Peer 1: 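My questions all concern the structure below.
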Amino acid sequence: MGAVTTPSHHDSHAHGPEISWEVQLKSNRLGLWLFMFSEVFLFAALLVARFVLWYDADLGIVRPELSQELGLVTTVILLFSSFFMNRAEMAMEYGDRKRFLNGLLVTAVLGTLFFIGVVVMEWNILGLQGELFGIELFGHLKPADGVISGIFFAMTGMHALHVLTGLIFIMVVWNNGRNGHYSPEKHWGVEACAIYWHYVDVVWVFYYPALYLIGTAVHAM
Amino acid sequence: MNAEKKAAAYRLGVTTLIILAVLTAVEYAVGVTINSAVLMFIIGLIKAAVIVQNFMHIARLWREESH
């Protein structure tokens, strides 16, 4: 994700005006935000589908029976991961390389915990059972359980896919940072990674209440 | 000057975290008590705006680069 490419010997003969770092950075930012904006349609379509299809003539808006505690914990974990990502970005901006690398690692660990919370515990792909202080640890919905399950897996699956790509992105940036690829003046890769990760958080800001809180809890249908 | 800016940047991160944590707690409380979809959506919008402004730095899009 290096924004500025050093022209190779071959490239140095290429025609065209040279683009300054400032202009390239602005273009990179605009490009990333436009990409994010295009993704809004994808996530919004799933969100709208949730409200249209999870509707009962008698009960009004409904939602699947999910563990409220598990939903809250995963949400808080993702919130903290966003905080540490911001801390890592600020550390790079002010030349604190150690805090930058540690911040990225903490973000990756928290992101992995969120991913485990959704895929292993909520999806329960291993078919586990268990309780902790009376709190159900593993979900019971299956993809073939009906409309509610279908939408639930589509929403959480699309989000989890972005979490996974975000984690890969973070590890790539961490490795680049370890090898000294970024400086306080030039660290577009770090900035882009942070924007992407916060975007994943913003999507969950709307998905969390839509999946776990809004409507009357019903069995899958 | 740089140390002050750095401290302010970290402080903004902590403030943002506290705001988001409080709003999440309020959202959860609304969800399990009055279950108002409109209220939860408004809380979600505020949370998203705070993240976009303070964490994603959307203002950089139209800021002249000072590096």
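This is a predicted model, so every value here is computed, not measured. Naming: A, B, ... by sequence-line order, numbering from 1 per chain.
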Peer 1: Please rank B:L12, B:N54, B:V32, B:L45 by heavy-atom pairs under 4.5 Å with chain A and give me the top one.
Peer 2: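 Heavy-atom pairs under 4.5 Å are most numerous for B:L45.
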Peer 1: So for B:I51, is it side chain, backbone, both, or neither that comes closer than 4.5 Å to the heavy atoms of chain A?
Peer 2: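 The side chain, not the backbone.
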Peer 1: Looking at A:V23, A:L30, A:V203, A:L72, which has the largest count of heavy-atom pairs under 4.5 Å with chain B?
Peer 2: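 That would be A:L72.
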Peer 1: Return yes if some donor-acceptor pair links the side-chain N/O of B:N35 with the main-chain N/O of A:I214 below 3.5 Å, else return no.
Peer 2: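 Here the side-chain-to-backbone pair does not exist.
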Peer 1: Are A:D96 and B:K6 side-chain neighbours, meaning at least one heavy-atom pair lies under 4.5 Å?
Peer 2: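 Sidechains of B:K6 and A:D96: in contact.
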Peer 1: Do you know which two heavy atoms are closest between A:R87 and B:Y10, and how far apart they sit?
Peer 2: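 Closest approach of A:R87 to B:Y10, heavy atoms only: O-CE2, 3.8 Å.
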Peer 1: If I measure from the heavy atoms of chain A, does B:V14 come under 4.5 Å with its side chain, its backbone, both, or neither?
Peer 2: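 Contact with chain A involves both backbone and side-chain atoms of B:V14.
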Peer 1: If you count the non-hydrogen atoms of other residues, nucleotides and ligands that lie under 6.0 Å from CZ in A:F153, is the total more than 12?
Peer 2: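 Above 12, so yes.
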Peer 1: Once rounded to the nearest 0.5 Å, what's the spacing between atom CZ of A:F84 and atom CG of B:L17?
Peer 2: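 Between A:F84 CZ and B:L17 CG, I get 8.5 Å after rounding to 0.5 Å.
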Peer 1: Checking heavy atoms, do the side chain of B:I58, its backbone, both or neither come under 4.5 Å from chain A?
Peer 2: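 Both backbone and side chain.
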Peer 1: Report the C-alpha distance between A:N86 and B:H57 in whole Å, list the side-chain angles of each, state the deciding distance to 0.1 Å, and finish with yes or no for side-chain contact (heavy atoms from CB on, under 4.5 Å).
Peer 2: CA-CA 10 Å; A:N86 175 257; B:H57 313 291; 3.8 Å; yes
Peer 1: Please state whether the side chain, the backbone, both or neither of A:E89 comes within less than 4.5 Å of a heavy atom of chain B.
Peer 2: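 The side chain, not the backbone.
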Peer 1: Please assess B:R63 against A:E22 for the test salt bridge (Lys or Arg N to Asp or Glu O under 4.0 Å), listing each intermediate value before the final yes or no.
Peer 2: CA-CA 11 Å; B:R63 186 187 75 180; A:E22 287 77 12; over 6 Å; no
Peer 1: Using non-hydrogen atoms and a 4.5 Å limit, figure out which bit of A:Y199 sits close to chain B: side chain, backbone, both or neither.
Peer 2: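 Answer is both: backbone and side chain atoms of A:Y199 are under 4.5 Å from chain B.
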Peer 1: Taking atom CE as the centre, does A:M36 end up with more than 12 heavy-atom neighbours from other residues, nucleotides or ligands that are less than 6.0 angstrom away?
Peer 2: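 Yes, the 6.0 Å shell around CE holds more than 12 heavy atoms from other groups.
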Peer 1: Considering only heavy atoms, which portion of A:I195 lies under 4.5 Å from any heavy atom of chain B: side chain, backbone, both, or neither?
Peer 2: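 For A:I195, the contact with chain B is made by backbone and side chain together.
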Peer 1: Heavy-atom distance under 4.5 Å to chain B: side chain of A:A91, backbone, both or neither?
Peer 2: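 When you check distances to chain B, atoms from both the backbone and side chain of A:A91 fall under 4.5 Å.
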Peer 1: Heavy-atom cut-off 4.5 Å, strictly under: side chain, backbone, both or neither for A:T75 against chain B?
Peer 2: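 Only the side chain of A:T75 comes within 4.5 Å of chain B.
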Peer 1: Side chains of B:Y28 and A:Q68: closer than 4.5 Å at any heavy-atom pair?
Peer 2: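 Yes. Closest side-chain heavy atoms under 4.5 Å.
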Peer 1: If I compare all heavy atoms of B:E27 with all of A:V205, which pair ends up nearest, and what's the gap?
Peer 2: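 Scanning both residues, the minimum pair turns out to be OE2-O, 4.1 Å.
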Peer 1: Chain A heavy atoms under 4.5 Å from B:A25: which part of the residue, side chain, backbone, both or neither?
Peer 2: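 Neither part.
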Peer 1: Show the nearest heavy-atom pair for residues B:L61 and A:K26, with the distance to one decimal.
Peer 2: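 Heavy-atom minimum between the residues: O-CE, 3.7 Å.
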Peer 1: Looking only at heavy atoms and a cut-off of under 4.5 Å, which of A:A194, A:S82, A:A210 has the most pairs with chain B?
Peer 2: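 The candidate making the most pairs under 4.5 Å is A:S82.
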Peer 1: Quick one: what part of A:F83 sits under 4.5 Å from any heavy atom of chain B, side chain, backbone, both or neither?
Peer 2: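 Both backbone and side chain of A:F83 come within 4.5 Å of chain B.
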Peer 1: Using a strict cut-off of less than 4.0 Å between a Lys/Arg side-chain nitrogen and an Asp/Glu carboxylate oxygen, indicate whether B:R60 and A:E191 qualify as a salt bridge.
Peer 2: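 A:E191 and B:R60: salt-bridged.
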Peer 1: First locate atom CG of A:L213, then atom OG1 of B:T33, and finally report the distance between them rounded to the nearest 0.5 Å.
Peer 2: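 Those atoms lie 10.0 Å apart.
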Peer 1: Quick one: closest heavy-atom pair of A:H198 and B:F55, and the distance?
Peer 2: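 So the minimum-distance heavy-atom pair works out to CD2-O, 3.3 Å.
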Peer 1: Atom OH in A:Y212, atom CE in B:M40: separation rounded to 0.5 Å?
Peer 2: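 If I round to the nearest 0.5 Å, the distance is 14.5 Å.
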